[in-house]
Protein chains: 2
Amino acid sequence: MPQASLQGRVPEMADPDPHAECRAFGQVLDRIGDKWTIMVVGALSHGPMRFNALMRLIGGVSHRMLTLTLRGLERDGLLRRTAYPTIPPKVEYELTEMGHSLIQPLEALSAWGQQNRSAIEASRREYDQG
Amino acid sequence: MPQASLQGRVPEMADPDPHAECRAFGQVLDRIGDKWTIMVVGALSHGPMRFNALMRLIGGVSHRMLTLTLRGLERDGLLRRTAYPTIPPKVEYELTEMGHSLIQPLEALSAWGQQNRSAIEASRREYDQG
DNA sequence: CCGTATCCGATAGGATACTG
DNA sequence: CAGTATCCTATCGGATACGG
């Protein structure tokens with residue numbers, strides 16, 4: 001989903017863009033907000049890896065979804081795919097420069113999650129029984 | 001989706017947790033990775049707002065989804081809901097302390113998006129025609 | 001070993017109509 | 001104005017089987 005037209009954006013609205021930031025973030029989410037992308041990025045953050053190694057490390061991901069996730073990242077230039085035409089085939093995946101640059105902001109959010117996890121869980125329990 | 005069992009986690013794996021970070025991030029994504037949550041957080045980042053004001057500001061969100069999104073954020077303690085029993089009713093939403101604390105990391109990711117948007121688009125075009 | 005195609009169930013989310 | 005309920009669709013993602 002393109003997140004294209006935030007608000008009804010009619011011509012007579014002079015306001016240049018009341019929340020460009022939200023849109024930018026929406027686009028990042030469109031990229032990383034699926035079930036496996038950030039797992040893959042995380043798994044590759046320490047170096048290149050082969051398909052099945054990724055699959056084992058991440059765990060729980062289906063063959064199909066891992067392929068799709070890798071293709072998506074490759075298409076966006078966050079990932080480089082190198083196939084060695086040996087038998088059996090060997091394919092390595094590694095983050096590009098841009099891919100690596102995503103790790104820092106990701107870790108900021110991850111830290112937030114770790115810091116607030118218990119508070120969130122507590123809030124949920126209270127809300128659910130209250 | 002609980003993101004619960006990252007990797008098959010068999011007992012004999014001594015490794016305490018090879019990617020706790022990814023899991024933490026996965027949980028954040030489960031919370032904010034939907035279509036509207038971060039729009040709401042962004043909209044509320046500058047102060048409290050009423051239901052229909054939010055709806056107009058965000059734009060494109062259905063009545064139903066805005067309600068669900070607000071409930072979810074409230075349940076997790078990121079949002080406070082205050083209903084004034086007047087006629088007609090008036091309900092205000094505002095971020096809690098914890099809700100505000102999410103904004104900084106969000107902005108980091110948003111900045112990443114703005115910085116890399118054109119590179120990603122270029123990469124996509126190349127990938128698609130190549 | 002790596003990748004693709006097909007099938008199918010689950011769910012997210014929009015439209016709409018109705019209540020206090 | 002704010003919220004709920006119902007319906008319906010598109011998409012996501014898992015299982016499986018097959019090809020290179």
Side-chain angles (χ1 to χ4, degrees), chain A residues 1-8 26 29-40 43-44 48-75 79-94 127 130, chain B residues 1-8 26 29-40 43-44 48-76 79-94 127-128 130:
Chain A
M1 87 231 32
Q3 297 284 14
S5 68
L6 240 198
Q7 33 185 304
L29 273 192
D30 283 347
R31 170 60 283 182
I32 65 166
D34 60 271
K35 196 171 180 182
W36 299 112
T37 291
I38 54 97
M39 299 290 176
V40 171
L44 289 176
M49 220 176 290
R50 298 180 58 176
F51 187 90
N52 280 347
L54 270 173
M55 190 139 157
R56 277 189 302 273
L57 177 60
I58 292 175
V61 62
S62 68
H63 198 139
R64 176 177 173 271
M65 285 316 295
L66 182 53
T67 303
L68 289 179
T69 303
L70 289 166
R71 286 298 163 277
L73 285 168
E74 188 192 2
R75 183 169 105 102
L79 192 80
R80 193 164 24 246
R81 175 181 184 273
T82 317
Y84 302 92
T86 60
I87 297 183
K90 167 179 168 176
V91 182
E92 278 205 335
Y93 295 93
E94 62 181 327
Y127 187 96
Chain B
M1 91 246 0
Q3 296 283 13
S5 69
L6 241 197
Q7 40 185 297
L29 273 191
D30 282 347
R31 170 60 282 184
I32 65 165
D34 60 89
K35 198 171 180 183
W36 299 111
T37 291
I38 53 96
M39 299 291 175
V40 171
L44 289 177
M49 222 177 288
R50 298 180 59 174
F51 187 91
N52 279 348
L54 270 173
M55 189 140 158
R56 278 189 301 273
L57 178 60
I58 292 174
V61 61
S62 67
H63 199 139
R64 176 178 172 271
M65 285 316 295
L66 182 54
T67 302
L68 289 179
T69 302
L70 290 167
R71 287 299 164 276
L73 285 169
E74 188 191 2
R75 182 170 106 102
D76 287 358
L79 192 77
R80 192 165 24 248
R81 176 181 183 275
T82 316
Y84 301 91
T86 59
I87 297 184
K90 166 177 170 177
V91 181
E92 278 205 336
Y93 295 94
E94 61 182 327
Y127 187 97
D128 289 346

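Throughout, a chain's letter reflects where its sequence line sits, starting with A, and its residues are numbered from 1. Here the structure is a predicted model, which means the values were calculated and not measured.
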Residues at least two apart in sequence or cross-chain that pass side chain to side chain contact (heavy atoms under 4.5 Å, CB included) with A:P89, listed by chain then number, are none
How many angstroms lie between atom OG1 of A:T37 and atom CD1 of A:I32, to the nearest 0.5 angstrom?
-> 8.0 Å
Helical bend (five base pairs per end, nearest 10°) for the helix from C:dC1-D:dG20 to C:dG20-D:dC1 = 30°
Taking all heavy atoms of B:L54 and all of B:A43, pick out the closest pair and write down the distance.
-> CD2-CB, 3.7 Å
Separation of B:F51 atom CZ from D:dC1 atom P, in whole Å?
-> 11 Å
In Å, rounded to the nearest 0.5 Å, how long is the span from CZ of B:R75 to OH of A:Y127?
-> 8.0 Å
From CE of A:M65 across to P of C:dC2 the rounded distance in Å is 19 Å
Looking only at heavy atoms, which two atoms of B:E92 and B:P48 are closest? And how far apart?
-> OE1-CB, 3.9 Å
Out of D:dG13, C:dC1, C:dG14, which has the shortest distance to the side chain of A:R50?
-> C:dC1
Separation of D:dG13 atom C1' from A:I58 atom CD1, nearest Å, is 15 Å
So, for B:Y93 and B:L44, which heavy atoms are closest and what is the spacing to 0.1 Å?
-> O-CD2, 3.4 Å
CG of B:D30 versus P of D:dG13: gap in Å, rounded?
-> 11 Å
Could you check how far CZ of B:R31 sits from C1' of C:dA12, rounded to whole Å?
-> 14 Å
Any residue of residues 80-94 of chain A with a heavy atom less than 4.0 Å from an atom of DNA chain C | A:R81, A:P88, A:P89, A:V91, A:Y93
Would you kindly give the CG-to-C1' distance between B:L68 and C:dA15, to the nearest whole Å?
-> 14 Å
Return the value, rounded to whole Å, for the distance between atom CG of A:D34 and atom C1' of C:dA12.
-> 15 Å
Give the minimum heavy-atom separation between B:R31 and B:L73, together with the two atoms involved.
-> NH1-N, 3.6 Å
Distances for protein N/O vs nucleotides 4-8 of chain D N/O pairs under 3.5 angstrom?
{"from": "D:dT6", "atom 1": "O4", "to": "B:R64", "atom 2": "NE", "distance (Å)": "3.4"}

Who passes salt bridge (Lys or Arg N to Asp or Glu O under 4.0 Å) against B:R80, sequence neighbours left out?
-> B:E94
Extract all donor-acceptor atom pairs below 3.5 Å that involve side chains of residues 57-71 of chain A and protein atoms in other chains or at least two apart in sequence.
{"from": "A:S62", "atom 1": "OG", "to": "A:M65", "atom 2": "N", "distance (Å)": "3.2"}
{"from": "A:T67", "atom 1": "OG1", "to": "A:H63", "atom 2": "O", "distance (Å)": "3.0"}
{"from": "A:T69", "atom 1": "OG1", "to": "A:M65", "atom 2": "O", "distance (Å)": "2.7"}

Would you kindly give the CG-to-P distance between B:L66 and C:dA15, to the nearest whole Å?
-> 14 Å
